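Note that the structure is predicted; figures quoted are calculated from it, not measured.
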Amino acid sequence: MRQLGLRLFAGFYVDATEAPWSQYYRMYSYVTRELPELVAAELPARTDATGIFGHSMGGHGALVCALRNPGRYKSVSAFAPIAAPMQCPWGKKAFGNYLGTNTDSWREYDASELVARRAFPGSILIDQGTADQFLVEQLLPEKFAAAAAKSGQPLRLRMQPGYDHGYYFIQTFMADHLRHHAEQLK
């Protein structure tokens with residue numbers, strides 16, 4: 001959790017519905033509405049050419065934000081995302097706390113559930129290290145790949161041998177992600 005001004009934000013890029021988190025934990029709205037409005041008002045940004053990417057929980061957030069808002073985001077990529085949070089311990093704990101016990105409401109914040117229902121208009125790039133200590137129990141990229149195949153989603157899931165969950169992994173492949181976004185944003 002971090003504090004920006006007087007607002008508090010929690011991870012997993014959800015708008016919490018359960019007390020006590022529901023009063024302030026609105027990260028999904030912040031990323032998809034408030035932040036883009038602020039950027040558009042303060043910077044010379046092209047709002048018609050927006051991409052999103054992230055790492056781990058942020059990768060999960062990038063996928064969810066793009067899949068739920070294909071008109072806003074023209075490109076998306078992720079490094080080691082939590083790809084199927086409804087099926088992993090981290091996601092179950094967070095969703096239970098922030099969204100309550102009704103798992104049907106969780107589907108709107110699970111990238112694998114979303115991509116199975118409808119494809120994103122562009123290709124998705126995901127890099128995942130094979131030596132990532134969270135790969136098997138928490139990240140589950142194979143679940144996202146299967147869901148993407150179900151909807152016909154173009155996906156490049158690159159399993160990178162020997163890389164863990166750290167920032168050297170991201171640094172190594174960042175240029176590829178920037179190229180991916182540049183191609184999609186043309």
Less than 4.5 Å apart, side chain to side chain, heavy atoms only: is that true for [X] and [Y]?
{"X": "Arg158", "Y": "Gln160", "result": "yes"}
{"X": "Asp176", "Y": "Arg179", "result": "yes"}
{"X": "Tyr98", "Y": "Glu18", "result": "no"}
{"X": "Gln138", "Y": "Pro89", "result": "yes"}
{"X": "Gln128", "Y": "Leu135", "result": "yes"}
{"X": "Ser105", "Y": "Thr17", "result": "no"}
{"X": "Phe144", "Y": "Ile126", "result": "yes"}
{"X": "Asp15", "Y": "Leu99", "result": "no"}

Between [atom1] of [X] and [atom2] of [Y], what distance do you get to the nearest 0.5 Å?
{"X": "Arg118", "Y": "Lys150", "atom1": "CZ", "atom2": "NZ", "value": "13.5 Å"}
{"X": "Thr50", "Y": "Leu185", "atom1": "OG1", "atom2": "CG", "value": "7.5 Å"}
{"X": "Tyr28", "Y": "Glu34", "atom1": "OH", "atom2": "CD", "value": "12.5 Å"}
{"X": "Met86", "Y": "Phe95", "atom1": "CE", "atom2": "CZ", "value": "7.5 Å"}
{"X": "Arg68", "Y": "Leu63", "atom1": "CZ", "atom2": "CG", "value": "13.5 Å"}
{"X": "Phe169", "Y": "His55", "atom1": "CZ", "atom2": "NE2", "value": "6.5 Å"}

[X] with [Y], same ILVMFWY side-chain cluster at under 4.5 Å:
{"X": "Val31", "Y": "Leu114", "result": "yes"}
{"X": "Phe53", "Y": "Tyr13", "result": "no"}
{"X": "Met159", "Y": "Ile124", "result": "yes"}
{"X": "Val76", "Y": "Val39", "result": "yes"}
{"X": "Tyr24", "Y": "Trp21", "result": "yes"}

Return yes if a side-chain donor-acceptor contact under 3.5 Å exists between Asn97 and Tyr25, otherwise no.
->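 There is no such pair (donor and acceptor under 3.5 Å, judged by atom type) between the side chains of Asn97 and Tyr25.
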
Please check if any side-chain donor atom of His180 sits under 3.5 Å from a side-chain acceptor atom of Ser77, or the reverse.
->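 Note: His180 and Ser77 side chains miss the donor-acceptor criterion.
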
Smallest separation among heavy atoms of [X] and [Y], with atom names:
{"X": "Ala147", "Y": "Ser112", "answer": "CB-O, 3.2 Å"}
{"X": "Gln184", "Y": "Ser75", "answer": "CB-CB, 3.4 Å"}
{"X": "Leu139", "Y": "Ala80", "answer": "CD2-O, 3.7 Å"}
{"X": "Leu140", "Y": "Cys88", "answer": "CD1-CB, 4.0 Å"}
{"X": "Leu155", "Y": "Ala145", "answer": "CD2-CA, 3.7 Å"}
{"X": "Phe173", "Y": "Asp127", "answer": "CB-OD2, 3.7 Å"}

Side chain to side chain contact (heavy atoms under 4.5 Å, CB included) between Val14 and Met27, intermediate numbers included = CA-CA 6 Å; Val14 302; Met27 187 62 138; over 6 Å; no

Test salt bridge (charged side-chain N to carboxylate O under 4.0 Å, His left out) on Lys143 and Glu113 and set out the steps.
-> CA-CA 9 Å; Lys143 303 285 187 188; Glu113 293 285 329; over 6 Å; no

Charged N-O contact under 4.0 Å between Glu183 and Lys74 |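 Judged by the 4.0 Å cut-off on N to carboxylate O distance, Glu183 and Lys74 do not form a salt bridge.
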
Can you check whether [Y]'s main-chain N or O pairs, donor with acceptor, with [X]'s side chain at less than 3.5 Å?
{"X": "Ser56", "Y": "Pro81", "result": "no"}
{"X": "Arg72", "Y": "Thr32", "result": "yes"}
{"X": "Trp106", "Y": "Gly100", "result": "yes"}
{"X": "Ser29", "Y": "Arg26", "result": "no"}
{"X": "Gln153", "Y": "Gly122", "result": "yes"}
{"X": "His60", "Y": "Tyr109", "result": "yes"}

Could you walk me through whether His177 and Phe79 pass ring pair (Phe, Tyr, Trp, His ring centres under 6.0 Å), step by step?
-> CA-CA 9 Å; His177 285 250; Phe79 293 96; 3.8 Å; yes

With salt bridge (charged side-chain N to carboxylate O under 4.0 Å, His left out) as the test, would you mind laying out the steps for Arg107 and Asp110 before giving the verdict?
-> CA-CA 5 Å; Arg107 296 185 195 294; Asp110 185 302; over 6 Å; no

Between Trp90 and Phe12, does the ring centre distance come in under 6.0 Å?
->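 Here the rings of Phe12 and Trp90 have centres that are no less than 6.0 Å from each other.
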
How about Arg156: does its CZ atom have over 12 heavy atoms from other parts shown lying under 6.0 Å from it?
->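 Check passes, neighbour count above 12.
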
